[in-house]
Amino acid sequence: MTSLPYSGEPSAPRLHAQASSTLLDRLKALHPKSIDLSLGRIERLLAALGSPEKRLPPVVHVAGTNGKGSFIAFLRAIAEAQRARVHVYTSPHLVNFHERIVLANADGHSSPISEDHLVDCLARAETANGGELITLFEITTAAALLAFAETPADLLLLETGLGGRLDATNVIEKPLATTITPISIDHVSFLGESLTAIAAEKAGILKRGVPCIVGRQEREAFGVIEARAEELGAPLHVAGRDFDMYEQQGRLVFQTEARLLDLPLPRLNGRHQIDNAGNAIAAASLVFGDKLKEESLAFGVTHAEWPARLERLVEGGLHAYVSDGTEIWLDGGHNEAGGRVLAQALAEFDERVPRPVHLIWGMMETKDAHAFIAPFKGLAERIYTVPIEEEENAFSSEALAEIARAEGFDTVPATSVTNALLKSRAALDNRPARILICGSLYLAGNVLKLNA
């Protein structure tokens, strides 16, 4: 199955040049809850906007708990190496809201939506909504779909915000393909407390007759996905069954019954990125079919960019707070599965180059902090807990410290990331160390600002 060039309609004239931050603040007031899963409100708004969801380039719709963003980063890089024009929708953003809406350019590359274009689409969505009840994610998703429909592209990579079945992105009647990355326990207050309940929500993006790439899953989660796919006649392409990917002699091997590919290892760090890259290769095979080039795959896995996912900060302002030779790593993972893969990566780093490991940890109160931090036992010499600036629902450093101590860690509360770095340097007596800042994408965004 191959995507075809798409010619969108020209953008309508800009209404006014109000700053996007002011508009976003005003739109937040249209709904008292930050999350309220429903399709009725966005369907009403999209109809008022002329149904842009029906005028999109071919869509790959992506749900799952972990790895969605990395999967999209790999698939985007592969698609652009194929000379496809690619739109991308992801959330949340790290530094600027514009990161969520990435538009294809005429030169074949993509970039975040411009301020003027964002203001235009948000203002039109606000006018069309007419003051009706709607969540911020819903109205900004409508604005994004407007931008995607009116900008020519060959492919749209569309990430769900939360769940799938009732997610605001689940208005695409016939995507080119769907993808479900690994599912784990997260957002239990909205998606359910069991893996099967969460999987049922994620499987809500499956569409009749539309193929789905399924990443490695726990047995109970896969059973739910498989049953829903059978109901809809949706062909599944399952990791570990229909395709596989693994590291061998410093290379990424991707294998199906008919094909064996020997590729470079992914640019993104961590063993889990081998699976994310493999899922993207399987998706690219569906999108581009026989036109998919091996050199595009090699380029994609080695050039994908996805900040704050086990990213080493090799330069920037934060290095003034640590001793020479200290490594600073950053990751936005925030659930039990995220903690496991980070701990595994740290263990592998330590096998190659042993160093004292200190964690700087901030987290939202809606997350299971005990489950996230437990895998670091035996790895982290000390944990410094920090608040997350401008996030009312974040743990205080003292509350998070109590959780870490209960799990058996040597823990010190700090007032900020820079304060934690200074405390770490003093405790290490200027010895080089390996520092991981983790626990929240909101914290990661703040860290990237600090390090700029």
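If you read the sequence from its start, that first residue is 1, and numbering goes on from there. No experiment lies behind these values; they were computed from the predicted model shown. Only this structure's heavy atoms are used, side chains among them; waters, hydrogens and symmetry mates stay out.
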| Minimal non-hydrogen separation, Ser440 against Tyr442, with atom names | OG-N, 3.0 Å
| task | Test side chain to side chain contact (heavy atoms under 4.5 Å, CB included) on Ile180 and Cys212 and set out the steps. | result | CA-CA 7 Å; Ile180 301 178; Cys212 178; 4.0 Å; yes
| field | Full working for salt bridge (charged side-chain N to carboxylate O under 4.0 Å, His left out) between Asp167 and Lys202 | value | CA-CA 9 Å; Asp167 187 79; Lys202 308 288 186 183; over 6 Å; no
| said: Tell me which pairs pass side chain to side chain donor-acceptor pair (under 3.5 Å) where either residue lies in residues 294-305, with sequence neighbours left out. | reply: Gln82-Ser296
| Distance, nearest 0.5 Å, that separates CZ of Phe71 from CG of Asn276 | 9.0 Å
| task | Check His334 against Leu441 and note the closest heavy-atom contact, atom names and distance. | result | CE1-CD1, 4.3 Å
| query | Would a 4.5 Å heavy-atom cut-off, applied to side chains only, mark Ile101 and His117 as touching? | reply | no
| task | Calculate, to the nearest 0.5 Å, the distance between atoms CG and CD1 belonging to Leu75 and Ile72 respectively. | result | 8.0 Å
| request: Please report the closest heavy-atom contact between Asp242 and Leu236, naming both atoms and the distance. | output: OD2-O, 3.5 Å
| field | Thr141 OG1 to Leu46 CG distance, which is reported to the nearest 0.5 Å | value | 9.0 Å
| field | From CD (Glu389) to OG (Ser416), nearest 0.5 Å | value | 7.5 Å
| Between the side chains of Arg382 and His358, is a donor N or O closer than 3.5 angstrom to an acceptor N or O? | no
| remark: Phe137 and Gly161 have their tightest heavy-atom pair at CZ-CA, 3.5 Å
Give the table of side-chain donor-acceptor pairs shorter than 3.5 Å for residues 445-452, with sequence neighbours excluded, one pair per line with atom names and distance.
residue : atom : partner : partner atom : Å
Asn451  : OD1  : Gly317  : N            : 3.3
Asn451  : OD1  : Leu318  : N            : 3.0
Asn451  : ND2  : Glu315  : O            : 2.8

| query | Do the side chain of Thr178 and the main chain of His61 share a donor and acceptor less than 3.5 angstrom apart? | reply | no
| query | Looking at Glu99 and Thr90, what are the two nearest heavy atoms and their distance? | reply | O-OG1, 4.0 Å
| Within the side chain of Gln273, is there an N or O that forms a donor-acceptor pair under 3.5 Å with the backbone of Arg267? | no
| Atom CG of Asp324 with >12 non-hydrogen neighbours under 6.0 angstrom | no
| When rounded to the nearest 0.5 angstrom, what is the spacing between CZ in Arg352 and CD in Glu348? | 6.5 Å
| said: Under a 3.5 Å distance rule, please check whether Arg405 uses its side chain to pair with a backbone N or O of Ile403 as donor and acceptor. | reply: no
| query | Cut-off 3.5 Å, side chains only: do Gln255 and Tyr246 have a donor facing an acceptor? | reply | yes
| note | Interatomic distance, CD1@Ile274 vs CG@Leu263, rounded to 0.5 Å, equals 11.5 Å
| request: Go through the steps for Ser424 and Ile435 under the test side chain to side chain contact (heavy atoms under 4.5 Å, CB included), then give the verdict. | output: CA-CA 9 Å; Ser424 173; Ile435 295 174; 3.8 Å; yes
| What are the two closest heavy atoms between Ala420 and Tyr384, and how far apart are they? | CB-CB, 3.8 Å
| Whether His87 side chain and Thr151 backbone form a donor-acceptor pair below 3.5 Å | yes
| request: Let me see the working for Ser184 and Asn66 under side-chain hydrogen bond (donor to acceptor under 3.5 Å, both in side chains), right down to the final yes or no. | output: CA-CA 7 Å; Ser184 62; Asn66 295 298; 2.9 Å; yes
| Without hydrogens or angle criteria, can the side chains of Asn170 and Lys207 be said to hold a donor-acceptor pair below 3.5 Å? | yes
| Quick check: does any side chain N or O of Gln217 sit under 3.5 Å from a backbone N or O of Thr181, one acting as donor and the other as acceptor? | yes
| query | So, Ser397 side chain and Val386 main chain: donor-acceptor pair closer than 3.5 Å or not? | reply | no
